[in-house]
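Some notes on the structure that comes next.
Just so we're on the same page: letters track the sequence lines, and every chain starts at 1. Atoms considered below: every heavy atom in the structure, side chains included; atoms not considered: hydrogens, waters and symmetry mates.
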Amino acid sequence: MNNPVRVRFAPSPTGHLHIGNVRTAILNWLFARHSGGAFILRIEDTDVERSTKASEESILEDLRWLTLDWDEGPEKGGAFGPYRQSERLALYQQYAQQLIASRKAYYCFCTESELEAARDNAMAQGGGQVHYSGKCRSLTPAQQAEARAKGIAPAIRFHVPEQAVSFADLVKGELTFPENTFGDFVIIRSGGLPTYNFAAVVDDHLMKISHVIRGDDHVSNTPKQKLLYEAFGWEVPVFCHIPMILGEDRSRLSKRHGATSLDQFAEKGYLPEAIINFLSLLSWSSESGEEILPIARLIQEFSFARINNSAAVFDTTKLNWMNGVYIRKLDPEQLVHRTAPFLRHAGYTLPDSGALKALLVLLQESVEYLEQFVEKTAFFFAERIHLTDGAAIAMSQSEASEKVYWSFLRQLENIEDFTPEVFREIMKTVNKETGVMGKELWMPIRIALTGAMHGPDLPKLAALLGKERVHKMILHIVE
RNA sequence: GGCGCAUUCGUCUAGUGGACCAGGACGCUGGCCUCUCACGUCGGUGACACGGGUUCGAAUCCCGUAUGCGCCA
């Protein structure tokens, strides 16, 4: 009974990966890596209308960006392929036929309008639940032939046995559904395509999935699936339903809550390791209570027992904080490597790597996501500084400032190496020469160099700009 | 409408009958650092949905109500 751990992530290719799906993928992946099992990617593309090849590719891209690697999947292959449901259609037919042969499923010729009428009727009777009547359960071959002759394409329905269904969920505990919770459900639609519940069961069995880890919006699908496993005589996997991620208004996370797809976060410059860490912490917590957990530790500490069972609101503010923590942890090479694309995208011409490194390191602590570097480095890439802030303009034009500027320029002429330490020395001398101190002393210089009244450490900033440029900028502002 | 799941500070959470007048993190807020912002650091704010039980004792167990979410119809 000790099956090897095999888990799967099974998205529908109908767009970019959504935050909720990403979290499901992460948990599956963490469990697989934690237990030395396999992480399988399966594309559920039976909804022909909405599935696109481009979406499938973007999903693979998203997963790669996140650094979640899979052991089997489309493109990659594996022993249990194919890994696209659209390429497994014959399999679903074959297994549906098997259920028909054992009289556990049957053809249903009811049309949509007939079903609707029956439903309305049952509603009018005041009954609580409205299930399929079972009308086609015992059609004779002759009746079936007659219906086919009329051109009606049948669906295949599962004959639901009258029994309560229960299963032990790894997160929710023992769940029981009374008998008659649902009626005979469709497993193959009249068009020949399988329904979600049927395809998932057939695939999970054939792919030897040991643990089904998915969002708890699937809880009510599970009894249906369990019945299918039993009808086939297959071993039932372990189910684990994880709580949903909600928007700020506690409704299901959707587009109107702002950024919800992974690529949007990538574009703003969130780091994959921060996203993984943050999402892991929704509905899960580490035993130690620590929150900044690099991937290796998440893998090590993952445990179903520590998943709680209530939905969590996605809080961008906290994500921003955590992303900032990860940005601050980046070494200079990584910082440049990851940020350069954003700067290039903004149209900046990048300086040599030493200068770029110094520039980014200078701003590193003040950034929450990489895209913010574009604005924060604008002063460095601009031809000239344009003052827009009224207070800054006023300050730069004060009498004290004039004195500071001229004194500073004089000092500048005497020095060779323009380092942060030298800059500090100059400021001291300017102070002595002019008697101006504190804010009145520093602010004018800051404004001349950056155009703003706040920003990074001035000595380092000045050294980075270099003597020539500093000279030019101060000259420009006094004239 | 039926069935299911959930409910601890604004948000993420710890908590599995006594160690909890409920701990941590983000946020907010006050101080320190400081030319400024940020970082860092020290402090503050702030919650067991409600009502009944069970028990010597309940955030923790049971029942009901409310609210939210999900699935099906």
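Smallest separation of non-hydrogen atoms from E44(A) and S12(A): O-OG, 3.2 Å. The shortest non-hydrogen separation linking L359(A) to F379(A) is CD1-CZ, 4.2 Å.
Aromatic stacking is not marked for W321(A) over C26(B), as the cut-offs of 5.5 Å for the centres and 30° for the planes do not both hold.
Rounded to a whole Å, the NZ atom of K172(A) is 10 Å from the C1' atom of G4(B). Rounded to whole angstrom, the span from the CG atom of D315(A) across to the P atom of C12(B) amounts to 8 Å. Atom P of nucleotide C12(B) and atom CG of L246(A) are separated by 9 Å, given to the nearest angstrom. The nearest whole Å value for the distance from the NZ atom in K318(A) to the P atom in C12(B) is 10 Å. One interatomic measurement links the two molecules: CD of E365(A) to C1' of A38(B), which rounds to 5 Å at whole-angstrom precision. Protein atom NZ of K439(A) is 6 Å distant from nucleotide atom P of U36(B), rounded to whole Å. Distance CZ (R306(A)) to P (C12(B)): 17 Å, rounded to an integer number of Å. In this entry the distance linking CD of E375(A) with P of A38(B) reads 15 Å, nearest Å.
Nucleotide C71(B): paired with G2(B) (Watson-Crick or G-U wobble, both distances less than 3.5 Å). Of all nucleotides present, none satisfies the Watson-Crick or G-U wobble test against C39(B) with each distance under 3.5 Å.
Nucleotides A49(B) and G31(B) place their P atoms 35 Å apart, quoted to the nearest Å. Between the P atoms of A38(B) and U11(B), the separation comes to 26 Å (whole Å). If you take atom C1' in A47(B) and the same atom in A14(B), they sit 13 Å apart, rounded to whole Å. Only the C1' atoms considered, U13(B) is 14 Å distant from G27(B), to the nearest whole Å. Spacing between G68(B) and G18(B) at atom P, rounded to whole Å, works out to 34 Å. Here, C9(B) and C20(B) have their C1' atoms 15 Å apart, quoted to the whole Å. Rounded to a whole angstrom, the distance from the C1' atom of U16(B) to that of C48(B) is 15 Å.
Counting non-hydrogen atoms of other residues, nucleotides and ligands closer than 6.0 Å to CD of E333(A) gives a total above 12.
Looking only at distances, no side-chain donor or acceptor of T377(A) sits under 3.5 Å from a matching main-chain atom of F380(A). A donor-acceptor contact shorter than 3.5 Å is absent between the side chain of H241(A) and the backbone of V212(A).
Taking the six-membered ring for Trp and the full ring otherwise, the centers of F31(A) and H211(A) sit less than 6.0 Å from each other. Here F373(A) and F342(A) keep their ring centres 6.0 angstrom or further from each other.
Listed in residue order, the members of residues 212-228 of chain A having a heavy atom less than 4.0 Å from RNA chain B are D217(A), V219(A), S220(A).
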